[in-house]
Amino acid sequence: MSADLQLFNTADRKVSTFKPLTPGKVGIYLCGATVQAPPHIGHIRSGVNFDILRRWLIASEYDVTFIRNVTDIDDKILHKAVHEEMPWWAVAMKYERAFCDAYAALNVLPPTYEPLATGHISQMIELMELLISRGHAYAPGNGDVYLDVRSLSSYLTLSNQKLDDLQPAEDADLTHKKDPRDFALWKAAKPGDPSWPTPWGAGRPGWHLECSAMAHAYLGEAFDIHGGGLDLIFPHHENEIAQSQSAGWQFANIWMHNAWVTTSGEKMSKSLGNSLQVQELLKKVRGIELRWYLGSAHYRSMLEFSFEALEESSVNFRRIEGFLIRAAEILGSEIGKTISPEFKAAMNDDLAVPTALANISELVKTGNSAITANDKKELAAAASDVRGALAILGCDPFDPVFATSGNDKKELLDGLVSLALEQRTSARERKDFAASDLIRDSLTKLGITIEDTANGTRWTAN
RNA sequence: GGUCGGAUGGCCGAGAGGCGAGGCUCAGGACUGCAAAUCCUGCUACACGGGUUCAAAUCCCGUUCCGACCUCCA
């Protein structure tokens, strides 16, 4: 186990020690959403996974610049606009907001910068001019601009494929392409579609071009980490590499890809309906619990979704949360945030969150035993290690982000429950257990859980 | 056809040659007036067939099954 961060790089499929290009700084580009539908938990898992990476880098004292783009123009958005009878930009903005809400509900930190594709057309045109001048792209005259894959010295290095092994696209248009595998940097405008003027005609950007242009605009010719979902390796990331390296840029140093959330062993698809949309699941569990679930599996492992597993994960989280709340009550002060050596070692090992979770469980056990033994020193140490770990995972229950919205009836509730508990306590003192149990049962029915502890009775509302 | 992953106990989910990860569930115990919470104990698993090794869930060969990508999917 190294003291330094080890990360798996898709490019060589090996785990190696992370070395930033500039000491103390890290630049990350994460492929964000194409805003054409509400986010499901697969989309948001990617956000959570890379948010944990980001928080860990920050905790490791790196100055992190985190870019996550928004693809706000593409075929599906245009189709959706027709279907929903809205302007394309209204569709994009509507779903962009849905993604923002989902990220916020799960405590995914806002990116340092969050560029929109449509805000970077001039950078894309400059990149195309550069690629054409270097002999790697061509404009056949129909308004499209293509990348000439046969001109590349290397291609498909991430997915380890051979150009000639690719199945030819069914709809390959050979009237303008030099090779069926050449891909569009720019698409000529069709009647009625939005378009931007270029030296080769009006049109709109291809998907791959925008990421190369935006990564370059915010992170420069070379940066540390490029992330995204596993399914982006080909073609999206291969094509980003092709564009950027053909432009003479070094581009990303490390490629990281998160695995999917699956259902019944299969990758999520829209055919599964709306039940796995973030907003739907937030009706069943709290944001902090959904995040705990999505973050709990290793980022490179498939996460097989089930409502049972989600519930189980929530039960696990509530136990840890309950410990921290009890610890804060007993210590009478705010819990600190520290990083245990075991947690650090696990996170440095390619973000081994499941191993880190095992450490958190051990710490909770130690802390609970310290409560029983009335050892406040050990309790404080365990609690701050637990809170520090949860904060890295974005699941600190004391984080104001997760604060339940202001309840102006809180004092009233507190007073009423206290009143009932006083009655119960006096009943117990005179050994009238029938009366005391009646009070407890009544409170239980109202959703209030009673615990008799060494320090008196405590209650929690669920 | 090419490329890449996966199969671990009742369930979820780590590990990647040797010390029973952890969680959830369940059973028993301690504590409690009874509970709740907590702690302790128990439930000894690695798809199949070969092989390498003192030692294999882990390495090698083969097989079965499941999945992903192959031109706009996180």
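Residue numbers begin at 1 in each chain, while the letters A, B, ... track the order of the sequences.
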With no angle test and no hydrogens, is the base of [N] tied to the side chain of [X] by a donor-acceptor pair under 3.5 Å?
| X | N | answer |
| --- | --- | --- |
| A:R13 | B:C4 | no |
| A:D164 | B:G2 | no |
| A:R45 | B:A74 | no |

Any strand: nucleotide that pairs with [N] via Watson-Crick or wobble, under 3.5 Å:
| N | answer |
| --- | --- |
| B:C43 | none |
| B:A30 | B:U38 |
| B:G67 | B:C4 |
| B:A21 | none |
| B:G49 | B:C61 |

Between A:E329 and A:I325, is there a side-chain heavy-atom distance shorter than 4.5 Å? yes
Among the nucleotides [options], which one has an atom lying closest to any side-chain atom of [X]?
| X | options | answer |
| --- | --- | --- |
| A:N160 | B:C24, B:C34, B:U3 | B:U3 |
| A:T449 | B:G33, B:A74, B:A36 | B:A36 |
| A:W260 | B:C24, B:A68, B:C34 | B:A68 |
| A:A358 | B:C24, B:A74, B:A21 | B:A21 |
| A:D231 | B:U38, B:U71, B:C73 | B:C73 |
| A:S301 | B:A14, B:C34, B:G22 | B:A14 |
| A:H40 | B:G22, B:U71, B:A74 | B:A74 |
| A:W207 | B:C73, B:C24, B:G33 | B:C73 |
| A:P354 | B:G23, B:A14, B:A37 | B:A14 |
| A:A297 | B:A14, B:U38, B:G33 | B:A14 |

Relative to the 5' end of RNA chain B, which residue comes earlier, A:H43 or A:S159, by the nucleotide with the nearest heavy atom? A:S159
Find which nucleotide of RNA chain B each of A:N368 and A:K162 is nearest to by heavy atoms, and output the residue with the more 5' nucleotide. A:K162
On a whole-Å scale, what distance lies between the [atom1] atoms belonging to [N] and [M]?
| N | M | atom1 | answer |
| --- | --- | --- | --- |
| B:U58 | B:A14 | C1' | 13 Å |
| B:C60 | B:U53 | P | 16 Å |
| B:A30 | B:G22 | P | 24 Å |
| B:A21 | B:C46 | C1' | 14 Å |
| B:U3 | B:G62 | P | 14 Å |
| B:A45 | B:A27 | P | 23 Å |
| B:G28 | B:C59 | P | 41 Å |
| B:C40 | B:G17 | C1' | 33 Å |

Would you classify [X] as touching base, sugar-phosphate or nothing, given that sugar-phosphate means primed atoms plus P, OP1 and OP2, and contacts are heavy atoms under 4.0 Å?
| X | answer |
| --- | --- |
| A:R300 | nothing |
| A:E304 | sugar-phosphate |
| A:K431 | nothing |
| A:D452 | base |
| A:S313 | nothing |
| A:R428 | base |
| A:G228 | sugar-phosphate |
| A:V353 | nothing |
| A:H298 | sugar-phosphate |
| A:E311 | nothing |

Over 60° means perpendicular and under 30° means parallel, so tell me whether A:H237 and A:H226 are parallel, tilted or perpendicular. perpendicular
For A:L276 and A:F307: C-alpha separation, side-chain torsions, deciding distance, then whether side chain to side chain contact (heavy atoms under 4.5 Å, CB included) applies. CA-CA 10 Å; A:L276 298 179; A:F307 287 101; 4.2 Å; yes
Pair A:R326, A:L379 - check side chain to side chain contact (heavy atoms under 4.5 Å, CB included), show working. CA-CA 10 Å; A:R326 258 175 284 131; A:L379 173 59; over 6 Å; no
Protein-nucleotide distance ([X], atom [atom1]; [N], atom [atom2]), rounded to Å:
| X | N | atom1 | atom2 | result |
| --- | --- | --- | --- | --- |
| A:I52 | B:A74 | CD1 | P | 20 Å |
| A:L232 | B:C69 | CG | P | 11 Å |
| A:N359 | B:G23 | CG | P | 12 Å |
| A:L421 | B:A36 | CG | P | 17 Å |
| A:L158 | B:G5 | CG | P | 13 Å |
| A:D179 | B:U71 | CG | C1' | 12 Å |
| A:L363 | B:G22 | CG | C1' | 12 Å |
| A:L156 | B:G2 | CG | P | 16 Å |

So, is [X] near the phosphate of [N], with a side-chain N or O under 4.0 Å from OP1 or OP2?
| X | N | result |
| --- | --- | --- |
| A:T34 | B:A74 | yes |
| A:K365 | B:U38 | no |
| A:R318 | B:C24 | no |

Examine the side chains of A:D74 and A:T34 and answer whether a donor and an acceptor come within less than 3.5 Å of each other.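 Per modelled atom types, A:D74 and A:T34 side chains form no pair under 3.5 Å.
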Aromatic centroids of [Y] and [X] separated by under 6.0 Å:
| X | Y | result |
| --- | --- | --- |
| A:H298 | A:F8 | no |
| A:F251 | A:F223 | yes |
| A:H176 | A:Y146 | no |

Verify, without hydrogens or angle tests, whether A:R45 (side chain) and A:A259 (backbone) share a donor-acceptor contact under 3.5 angstrom.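 Yes, the answer is positive, given that a donor and an acceptor are paired below the 3.5 Å cut-off.
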Mark yes or no for whether A:D148, through its side chain, and A:A137, through its backbone, hold a donor-acceptor pair below 3.5 Å.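 Not at all, since once roles are kept as given, no pair shorter than 3.5 Å links the two residues.
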